[in-house]
Structures are given as structure tokens and as C-alpha cells.
Number of protein chains: 2
Amino acid sequence: MAGSSHLIVDEPVVQLGRNLTFGLLDSIGRAIVTGQFGSAVFPTEAELAKQHGVSRSVTREAVKMLTAKGLLSARPRQGTIVQPTSSWNLFDADVLRWMLERQLSIDLLRQFNELRVAVEPEAASLAARVAGEDDIRRIDEGLCRMQAAECGFDDPLEADIAFHVAVLRASKNPFYIQLREVVSTALRTSIRFTNRIKGRTADVAEHAKVRDAIASRDPDVARIAMRTIIGDVLVLIEDRIPSIE
Amino acid sequence: MAGSSHLIVDEPVVQLGRNLTFGLLDSIGRAIVTGQFGSAVFPTEAELAKQHGVSRSVTREAVKMLTAKGLLSARPRQGTIVQPTSSWNLFDADVLRWMLERQLSIDLLRQFNELRVAVEPEAASLAARVAGEDDIRRIDEGLCRMQAAECGFDDPLEADIAFHVAVLRASKNPFYIQLREVVSTALRTSIRFTNRIKGRTADVAEHAKVRDAIASRDPDVARIAMRTIIGDVLVLIEDRIPSIE
DNA sequence: CAAGAACGTTTCATATGATAATTATGACTC
DNA sequence: GAGTCATAATTATCATATGAAACGTTCTTG
């Protein structure tokens, strides 16, 4: 690019994240996910450090974090290699964000909602059995925000997130609760896609039905209502793909 | 070993894992999960290194991996602190294993099966729509092994795992596929609990129903059959707990 | 006396250089 | 041609020094 120059301008180093290590984590993570090291050779520890203008310590720590997330594996002499996508931890918010950001994959979005359609109805059902007052209050708040959003007084996306996260939390099941972050991340990252869908998705009435079912301790109604909500999203997504398989 | 010696025996240092870093990862991870640092102070980077007889580099890398898994967070001057369990990544095989090994929590086992009851029926349903021949073959293999296990020719647990993993894989949804490792880990680790349950759970007939539904492309039947299987497990687990909430 | 600025301490963050451990590769032997 | 072994490349580990950030303390000052 920069037409001239024999003098190499310092790489912008890394900047995202709260410090060099986390910045590098983000940078390399994104690069791996976008396929920049297409199963080919991954740079050596020393090269990687040089390329990004950081020390080997920082590089090693970033690589170790990516290893923990399942994206890399390293062995002496063999080098550091990118793992097959099947071993990436998709339930890690970072990994999921990188994947959703890379190309706005509608496939991934569909698959993610296939997960939601399994999990969230069950979470709603559980919530109807075990939710406490605080939980219901949080769900109410989410619902209120959705209503406010309808009149333009709140962000529809954030309101929707607040509602669904509140339900997950109310289930008191740590596995579901864990998905809070993943769901938030995914919904926020895939705005561009969901925007057009949103108008119809933000079906406040159906959300209210979920809320009422939980408040009145009716697990089955809660499950069905939630399934309707996410099933609708799924249908809208699938409609945009002529043929999948 | 070497019986003698006034010479201070080196701390067993760390041994699990393929090297010091991964050994330390395992050691600290287990310690955190068993609550050895009960929200109290976590040792300083230097202390931690000293205690385990390794260098600070190794310590830092292990801590960084635990950070990536959501168990720790570190800031200058404040120190390294254990994160609330709600931010631990339960979908990480290491974390889940540590948690299941710590005390065989029947609560966790129930919650895990609450996840399965949401996910696996949906995976079976998806599989009925998109499974290929290879997938069906793998499912068949799992089923055969279960039948063999009934006559004592195979390990019932491994056969069961093989079947459920095959179904997850057949769904072709990376989120479900990802759960393979988690499901395997959880089932293997919780043997002691499930053993007594197993006799009745290894309901080959019901598993065969799932297989047939998938092979004949009937998503709804597949979903329902799978839900029956896991629902039964859940009932058995809940029966062992008089009152939960 | 109180408010705020300067300073110091503690802890993680980063950099660097040296050495050990591991193992893929190719040379070598038979 | 098959098996064995030396070599070299790469990560793993160690040690030490320095930087940066966060928090408390003290000192100044109105």
C-alpha cells in the first residue's frame, strides 16, 4: 500500500483491549477467525512478536489465552497451529463476537438461533418454577423497556436483550445463566441483520405472555410462548436463505 | 520414594498436564473451583510462583488461561481476584470437569441435565432434517454398542456417550457439536451418580426410536423420543433430592 | 479544619536475554 | 529400503529489570 518508503512505519502496534496483551488477543483472535492463516503456517512466536511490535511475553500470554479458548495449540518444534473450528469454544463471548463480526454470516446467525430455540423456552419454563420476586421485577423491567422502545423512548435492541437476559437469569440454572453473555453478544453484534427483522420480532404482546406465564407459575405456557418468539425469528432468518442444505 | 535425605524435597511442583504451565493451570483451576480462595485474597503473582516452585512466566501464563476461561481477573495494585461463579465458562471442558470432580454435586448434575433436556431433543430434531449417511452410521454404531452393553460386551457408559455424541454431531450445528465434549466430560465424570440410574436409563428401545426417527426424517418424533430419554434421567435425579428450592 | 495535590507503595504489565526440553527432519548406517 | 541417530528449529522455562496503574498517605494550602 503506502506507495513510497523503504522505511517501515511502525505497526500501529495493538490498541484494542485494556492493555497490550488483551489487544493482541483480540487482534490475533480476529485474524484466526477470518481465516488469515488458512490452515497454513502460523507465525513463530518471535515473528508474531515482531509483527505486532510487542515483546515475546505479551505474545506468549495472548497465544495461551487463545489456546484456552480452543483456537490454537502449540508444541515445541512443531510450532503453533490453528485448531479446526470444531474445537473452538463458541460459548466464549470473544470467539463468538469474532465469528459474527467477520462476515456477518447468516449461517452462523441461524445456527445460533437454533440454539436459542432449544434453550430459551426451557429457561422460561424453569423460570416459571423457580423465579423469585427480584427475577420477575427484572423481567418486568425488560418488558417495560420494550414498550417504551415501541414509542421511541428506548433502544429496541437493548430492551429485547434485557428481557431475554432476565429470563435466562430467572431460571437459576448456571448453564442458562452463562448464556446471558453469549446471547447479548450475539444480538448486539448481528444488529445489521436483525434490524430489518426487528420490527416484527419485537412482538411485545408475545413477550408479555412469557412474563405473565412466569409470574403465574405456568411452565408450559411460558415454554410455548418463548418458543413462538424465537421460532418466529428463526423463520424470518431462514426465509432469507433460498436453500440451505 | 528416595527415602533418605535431609535435603528438602522439592514441592511436588506440578505434574498434571503436558507441561508445567498446563499442570499449574489444572492445579490452580481445581483449587479455585473447590473454593480454596473463598472470595478471600488470591495469592500474588510472585507468591503463587513460589508456592508451586515455578517461574513467574509460567504462573502468568496459567493465570492468563484461567482469565480466558472466566475464573480470574487481574489488575495492577488490586491483584488477581477470583470471579463470581456466574462468569465462569461452564461450557469449557476443563472448568466443567473441575466442578464435577470437586464434590459430585447432585445439584450441578441436575442443572446439567436440564441443559441436555433442552438441547438434545432439538439436536435430534435437526438431525432428522440434515443428517447424512455417515451420521446415521455413527448413530447406528452407538446403538449397537448399547445393545452389546446390555449383554456385557461393551461399556454401557461409553456406548451411551457414543450414541448421544453421534446425534449431536448429526445436527451439523456447531453449537450443538461443541457440546459433544461437554456431554462426554460430564457423563464420564459423574459415573458414580449415574451408575445406579444407568440400569434403567440405558433404555435401548427408546434410543432406537430416536435413531429410527432420524433415519426416516421425522423431526418431531425424534425430538419427543429424545426428550423422553433425558426427561427420565432428570426425573430420577430429582427423585434423589427431596426438596430443591 | 478540610480539601486537594504530591508522593510512595504495591501489584500487575512488559521487555529482554539465556537455557532447557521436545521433536520433526534429514543424514546415516546396515 | 528400513531403521537409527544427530541436528536444528521451536516452544517451554527461568531470571531480572523496568514501566504503568491504582490506592493510600501525607503534606500543603485556603
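Below, chain A is the first sequence line, B the second, and so on; all start at residue 1.
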Asks: Does either side chain, that of T59(A) or that of E45(A), offer a donor lying less than 3.5 Å from an acceptor on the other one?
Replies: no

Asks: Do R56(A) and dG17(C) share a donor-acceptor pair, side chain to base, under 3.5 Å?
Replies: yes

Asks: Looking at the base of dT23(C), is there any donor atom on it, or on the side chain of R75(A), that sits under 3.5 Å from an acceptor on the other one?
Replies: no

Asks: Once you measure the plane-to-plane angle for F163(A) and H207(A), does it fall in the parallel (<30°), tilted (30-60°) or perpendicular (>60°) bin?
Replies: perpendicular

Asks: Round to a whole Å and report the spacing from CZ of F22(B) to P of dT22(C).
Replies: 15 Å

Asks: To the nearest angstrom, how far is E61(B) atom CD from dT14(C) atom C1'?
Replies: 13 Å

Asks: Tell me what Q78(B) touches on the nucleic acid: a base, only sugar-phosphate, or nothing, going by heavy atoms under 4.0 Å.
Replies: nothing

Asks: Can you measure L20(B) atom CG to dT19(C) atom C1' for me and round it to whole angstrom units?
Replies: 14 Å

Asks: Would you tell me if any nitrogen or oxygen in the side chain of R60(B) comes within less than 4.0 Å of OP1 or OP2 on dA13(C)?
Replies: yes

Asks: Are R110(B) and D107(B) within salt-bridge range, i.e. N to O under 4.0 Å?
Replies: yes

Asks: Nearest to the V58(A) side chain among dT10(D), dA21(D), dT14(C), which nucleotide is it?
Replies: dT14(C)

Asks: Return yes when atom CD of E181(B) has more than 12 non-hydrogen atoms of other residues, nucleotides or ligands closer than 6.0 Å, and no otherwise.
Replies: no

Asks: Could you give the CG-to-P distance, from N19(B) to dT10(D), as a whole number of Å?
Replies: 19 Å

Asks: Find the distance K50(B):NZ to dA15(D):P and express it as a whole number of Å.
Replies: 12 Å

Asks: May I ask you to say whether E61(A) pairs ionically with R60(B), meaning some side-chain N is under 4.0 Å from a carboxylate O?
Replies: yes

Asks: The side chain of A74(B) lies closest to which of these nucleotides: dC12(C), dA12(D), dC14(D)?
Replies: dC12(C)

Asks: With no angle test and no hydrogens, is the base of dA15(D) tied to the side chain of S55(B) by a donor-acceptor pair under 3.5 Å?
Replies: no

Asks: How close or far is atom C1' of dT11(D) from atom CG of L72(A), stated in whole angstroms?
Replies: 13 Å

Asks: Rounded to the Å, how far apart are E45(B) CD and dT13(D) C1'?
Replies: 15 Å

Asks: Is the phosphate of dA13(C), meaning OP1 or OP2, less than 4.0 Å from a side-chain N or O of K64(B)?
Replies: yes

Asks: Let's see if you can work this out: which of dA22(D), dT23(C), dT11(D) has an atom nearest to the side-chain heavy atoms of R77(A)?
Replies: dT23(C)

Asks: Roughly how many Å is it from CD1 in I81(B) to P in dC23(D), rounded to a whole number?
Replies: 11 Å

Asks: Using heavy-atom distances to pick each residue's nearest nucleotide on DNA chain D, tell me which of S57(A) and E47(A) is more 5'.
Replies: E47(A)

Asks: So, is T44(A) near the phosphate of dA9(D), with a side-chain N or O under 4.0 Å from OP1 or OP2?
Replies: no

